[in-house]
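One structure is given here, and the rest of the page talks about it.
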Amino acid sequence: MGAAMESVIDIEGLSLTFERDGQRNEVLRGLDLSVPRGAFIAIVGSSGVGKSTLLRVLIGLARASSGTVRIAPRPGQRQPLAFVFQDSRLLPWRPVIENVAFGLEGSGLTRTERRQKAHEALEIVGLAHLAERWPHQLSGGQRQRVSLARALAVEPEVLLMDEPFSALDAITREALQDELVRIWQVTGKTVLFVTHDIEEATYLADRVVVLAGSPGRVVADQIVDAPRPRRRSQSQEPDLVAGIRQHISGELLLDGTGI
Amino acid sequence: MTDITLPAGPTAAPPARPVLDGLRQVGLAAAGLSLFILVWEALPRIGLINSMLLPAPSVIPAAFWAEIQSGAWASAVSASLGHYTIGLAVGAVLGLVGGVATGMSQLAEDMTSWVVRVLRPIPGLAWVPFAIIWFGVSQSAAVFIIAIGVFWIVFFAAHGAIRGVDRDLIEVADAFGFRSARERLFKILLPAAMPGILVGLRTALGQAWMAVVAAEIFGVPGLGQRMIQASSLLATELVVVYMLTMAALYGLLDTVFVAVQRWVLRWKA
């Protein structure tokens, strides 16, 4: 992960303040982050620290108050970023295949071509056999796979994932984590993965960026160089996990915000 | 050693007997209906009620047959169905457009809120004088009366349904770059609001039948006019014929609508 690597997202001095009912709530202040092409970066922090807001700014669901965000798509790329929400947010009136094809509408592709691409994306997540089902017929894990396929179908450069596995049971979550790593390795996408689960972050990512404080800012940026495939055990990166914990709790104590 | 006796409980769910239960239900319904007709038949026969005021059910088929033979039944039904269909279509389309527009745009809602408050409580029948002044005693007048009733029902149903659409789903459209009002409307709002809109349409389907009679009473040809004619001649059996005709037509339309609705909403759990 040298500095020589080309970055796909460059964030400089990003600040964001919400204003609601006359109350100013500063969520992020002066955040810098450079995301190299092909990296798997986890962003961890406690709730309310602005990590989801950061992803929402990148995809355009929230507007930064100041700072710059530069996104460098590959030439000819229609949609450089794709979002995976915490809850799958499938459109219940569309069958699975039409949900996956959703982002391709308006791309100039014919319906057949869109369905073809959607089918390929479903194959990547291993759900091609459920293409004609309705979302309500799927399990939570299947829905989240479909949501991932919907993001993959637009062939983005970067996957923005906002706590995508936090609502799943432990067994399903572990299966989907491994699935995501496999997909990341096969497709070479860049992944920005927001989570509050430090173990999940260190298990999945190349690099863990810790946000803390109020307003949130980057308090630590750690490389995880454990070889892949990684083993899932408590003692995998004990020093790293403990260090990140300390960063987060230290900030909380300093801010006096408590837990 | 002590014997422990477990309390006896139900070992399995009682066996289901769907066929028998179904038969029982049909049988009970038939029995209830027969009893109703018997009492109805008996009341004028034993002289409790003057048969001029309440015709016995046994005289209805003959009256129905005569009405069909004269051609009056077919022409009344087709005229009323015409008013009904056009009034329903006009009211539903305008109500849908208005409800969606005020549901999507705060500006549209703010601008119309007092107009709505003024016009909404005026019953359809109160528009009869204007209907006659504007359209004369004509088909258009009947269509107008029917459309007004339908309009409000569909307007409020559509407005509420669009307002109630989950913001999270709109964000999905935003995240995938569909941000124009048009894309939002057709990709998210309309399909998501469809269940609520269809409930409104179904209510309107029934309401419009009532409006048909009201709209025709003042002389536009159709079922309502025929009923008024019959009642002024004390031909009460004819009034019953048309009451049953309306019930049957409504039942048929509602059944078809529910089937269509079930198909459109087949994605629902």
Side-chain angles (χ1 to χ4, degrees), chain A residues 52 55-63 71 73 77-108 114 118 132-138 143 146-147 149-156 158-162 167, chain B residues 92 96-97 99-100 103-106 110 154 157-202 257-269:
Chain A
S52 295
L55 289 199
R56 294 170 64 84
V57 168
L58 293 177
I59 197 77
L61 292 175
R63 202 182 294 269
I71 293 162
Q77 193 155 37
R78 197 180 71 85
Q79 204 172 339
L81 312 176
F83 207 95
V84 179
F85 294 92
Q86 179 181 2
D87 43 342
S88 59
R89 298 202 194 176
L90 303 182
L91 308 181
W93 56 87
R94 288 172 175 241
V96 164
I97 186 89
E98 296 290 332
N99 262 290
V100 177
F102 179 68
L104 297 168
E105 291 165 12
S107 61
R114 293 198 303 262
E132 300 304 329
R133 295 280 179 92
W134 298 106
H136 78 81
Q137 298 171 309
L138 307 182
R143 289 161 147 270
V146 174
S147 178
R150 175 173 67 184
L152 289 170
V154 301
E155 295 171 338
V158 184
L159 286 174
L160 304 175
M161 308 185 77
D162 186 10
Chain B
L96 189 63
V97 170
V100 168
M104 279 181 83
S105 150
Q106 190 63 47
D110 292 344
V154 176
H159 177 88
I162 292 283
R163 269 300 164 93
V165 172
D166 190 351
R167 305 287 315 166
D168 286 357
L169 293 181
I170 299 173
E171 272 191 5
V172 173
D174 284 350
F176 281 93
F178 303 120
R179 290 171 183 232
S180 69
R182 187 193 143 85
E183 285 170 323
R184 228 175 236 204
L185 177 64
F186 287 106
K187 290 192 190 299
I188 305 291
L189 293 175
L190 271 184
M194 199 46 76
I197 292 172
L198 289 180
V199 168
L201 273 178
R202 190 176 171 201
F257 185 86
V258 168
V260 172
Q261 185 183 34
R262 194 164 293 160
W263 184 81
V264 171
L265 301 183
R266 64 197 182 285
W267 50 270
K268 292 206 86 169

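In what follows, chains carry the letters A, B, and so on, assigned in the order in which the sequence lines appear, proteins first and then strands, with residues in each chain numbered from 1.
Of the listed residues A:Arg150, A:Arg94, A:Gln137, the one with more heavy-atom pairs under 4.5 angstrom with chain B than any other is A:Arg150. Taking chain A as the reference chain and counting heavy-atom pairs below 4.5 Å, the highest number among B:Val172, B:Leu265, B:Leu169, B:Asp166 is found for B:Val172.
For the pair B:Glu183/A:Glu105, no side-chain contact is recorded, criterion being any heavy-atom separation below 4.5 Å from C-beta on.
B:Lys187 and A:Phe102 get closest at one heavy-atom pair: CD-CE1, 3.8 Å. Shortest non-hydrogen contact noted between B:Ala175 and A:Phe83 is CB-CB, 4.2 Å.
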Evaluate A:Phe85 against B:Asp168 for side-chain contact (heavy atoms from CB on, under 4.5 Å), listing each step before the verdict. CA-CA 10 Å; A:Phe85 294 92; B:Asp168 286 357; over 6 Å; no
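In this structure, CH2 in A:Trp93 is found 7.0 Å from CH2 in B:Trp267, a value given to the nearest 0.5 Å.
The part of A:Leu90 that comes within reach of chain B is its backbone (N, CA, C, O), which places non-hydrogen atoms under 4.5 angstrom from that chain.
Annotation for B:Arg266: atom CZ counts as buried by contact number, over 12 foreign heavy atoms lying within 6.0 Å. Atom CZ of B:Arg179 has more than 12 neighbouring heavy atoms from other residues, nucleotides or ligands inside a 6.0 Å radius.
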